[in-house]
Amino acid sequence: MFHRSQWFQKNYMTLKIGLFLFNDVEVLDFSGPFEVFSTASRLCLCEGKSAPFQIVTFSANKPFITTHGGLKIIPNYVFENLPSLDILIIPGDVMTEPLSQPEVLSFLRERASQVKILASVCTGVFMLAEAGLLNGKSVTTHWENLDDLRKYPNLKVLENVKFVEEKGLITSSGISAGIEMSLHLVKKLISFALVQKTARQMEYGWI
């Protein structure tokens with residue numbers, strides 16, 4: 001896992017976070033992490049500090065996507081013009097579209113070697129598994145999908161946990177667990193003080 005809280009305080013580096021969007025994505029899978037990281041940055045700016053995070057959204061090639069609940073979202077980028085990222089987050093829900101696109105799996109393999117942290121929320125873990133990025137790793141997903149995840153060889157699938165972290169890879173269980181995962185990253189990458197302020201600002205119960 002990437003450690004840089006002291007480095008950040010000294011050098012004021014902003015980490016760029018990319019959230020992958022696709023048709024039928026679960027809204028809270030990506031909006032939960034978006035809210036955590038954007039709130040943390042907003043609080044820093046209000047204190048006269050540099051924003052620790054910049055969040056962008058992107059799709060494979062679509063000018064807009066329609067979420068599982070029907071919400072239409074315009075991503076900031078597509079694969080072709082996506083800038084470099086420090087953290088890549090793959091949300092989940094209905095995975096039919098992204099798992100049927102070879103270019104998505106190729107993109108994941110390429111970017112996984114370039115980012116400092118690779119993360120998934122809920123069934124987003126299946127994209128990482130299909131891309132061959134989880135061999136020998138401990139992982140988790142939504143409780144309804146644990147048995148399906150166990151069909152992939154060489155994975156240690158954990159249940160009854162909000163997230164699992166292992167050497168630059170972090171996978172979370174279902175939907176709201178992406179918020180827990182993101183708060184954990186704020187704590188780990190920046191500070192305990194900031195994550196406390198962020199959770200309080202969001203009125204989110206967190207210990």
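Because only heavy atoms are used, hydrogens play no part in the values below, and waters and symmetry mates are left out as well, while side chains stay in. In this text the structure is predicted, and so the values were computed from the model without any measurement.
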Among Phe58, Phe22, Tyr77, ring pair (Phe, Tyr, Trp, His ring centres under 6.0 Å) partner for Phe107: Phe58

Over all heavy atoms of both residues, which pair between [X] and [Y] is shortest? Give the atoms and the distance, please.
| X | Y | answer |
| --- | --- | --- |
| Thr140 | Thr171 | N-OG1, 3.0 Å |
| Pro75 | Phe64 | CD-CA, 3.8 Å |
| Leu85 | Ile17 | CD2-C, 4.2 Å |
| Asp29 | Pro91 | CB-CB, 3.5 Å |
| Val104 | Ala60 | CG2-CB, 4.3 Å |
| Pro33 | Val121 | CG-CG2, 4.4 Å |

Using 0.5 Å steps for rounding, measure from the [atom1] atom of [X] to the [atom2] atom of [Y].
| X | Y | atom1 | atom2 | value |
| --- | --- | --- | --- | --- |
| His142 | Ser172 | NE2 | OG | 10.5 Å |
| Ile179 | His184 | CD1 | NE2 | 15.5 Å |
| Ser120 | Ile89 | OG | CD1 | 9.5 Å |
| Asn76 | Thr57 | CG | OG1 | 3.5 Å |
| Ile73 | Phe30 | CD1 | CZ | 4.5 Å |
| Ser138 | Leu169 | OG | CG | 9.5 Å |

Derivation of the side-chain contact (heavy atoms from CB on, under 4.5 Å) call for Glu103 and Asn61: CA-CA 10 Å; Glu103 65 270 25; Asn61 52 24; 4.2 Å; yes

Charged N-O contact under 4.0 Å between Glu159 and Arg150: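 Yes, this pair counts.
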
Carboxylate-amine/guanidinium contact Lys16 Asp86, below 4.0 Å: no

Determine whether [X] and [Y] make a side-chain contact, defined as any pair of heavy atoms from C-beta on separated by less than 4.5 Å.
| X | Y | value |
| --- | --- | --- |
| Met202 | Val36 | yes |
| Phe53 | Ser38 | no |
| Glu166 | Val139 | no |
| Val164 | Ile170 | no |
| Val25 | Ile65 | yes |
| Ile90 | Leu88 | yes |
| Leu149 | Leu155 | yes |
| Leu19 | Val56 | no |

Side-chain heavy atoms nearer than 4.5 Å, only ILVMFWY residues, links allowed to pass through others: does that put [X] and [Y] together?
| X | Y | value |
| --- | --- | --- |
| Leu108 | Val94 | no |
| Leu15 | Phe192 | yes |
| Met181 | Tyr204 | yes |
| Val78 | Leu82 | no |

Residue list, salt bridge (charged side-chain N to carboxylate O under 4.0 Å, His left out) with Lys151, at least two apart or on another chain: Asp148

Sequence-distant partners of Lys137, salt bridge (charged side-chain N to carboxylate O under 4.0 Å, His left out), two or more places apart: none

Side chains of [X] and [Y]: is there a donor and an acceptor less than 3.5 Å apart?
| X | Y | value |
| --- | --- | --- |
| Thr123 | Asn145 | no |
| Asp24 | His68 | no |
| Ser173 | Lys162 | no |

Thr141 side chain to Cys122 backbone, donor-acceptor under 3.5 Å: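 Yes, the answer is positive, given that a donor and an acceptor are paired below the 3.5 Å cut-off.
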
Derivation and outcome, salt bridge (charged side-chain N to carboxylate O under 4.0 Å, His left out), residues Glu47 and Lys197: CA-CA 12 Å; Glu47 295 176 355; Lys197 293 176 184 177; 2.8 Å; yes

Worked verdict on Thr198 versus Phe37 for side-chain contact (heavy atoms from CB on, under 4.5 Å): CA-CA 9 Å; Thr198 301; Phe37 295 119; over 6 Å; no

Donor-acceptor pairs under 3.5 Å, side chain of residues 124-133 to any protein atom, not counting sequence neighbours: which ones?
from	atom 1	to	atom 2	distance (Å)
Glu130	OE2	Tyr152	OH	2.6

Ile74 CD1: over 12 foreign heavy atoms closer than 6.0 Å: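 Incorrect, the count does not exceed 12.
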
side-chain contact (heavy atoms from CB on, under 4.5 Å) assessment of Glu97 paired with Lys62: CA-CA 12 Å; Glu97 179 183 281; Lys62 297 182 182 300; 3.4 Å; yes

From CA spacing to verdict: side-chain contact (heavy atoms from CB on, under 4.5 Å), Leu21, Thr67: CA-CA 8 Å; Leu21 304 184; Thr67 70; over 6 Å; no

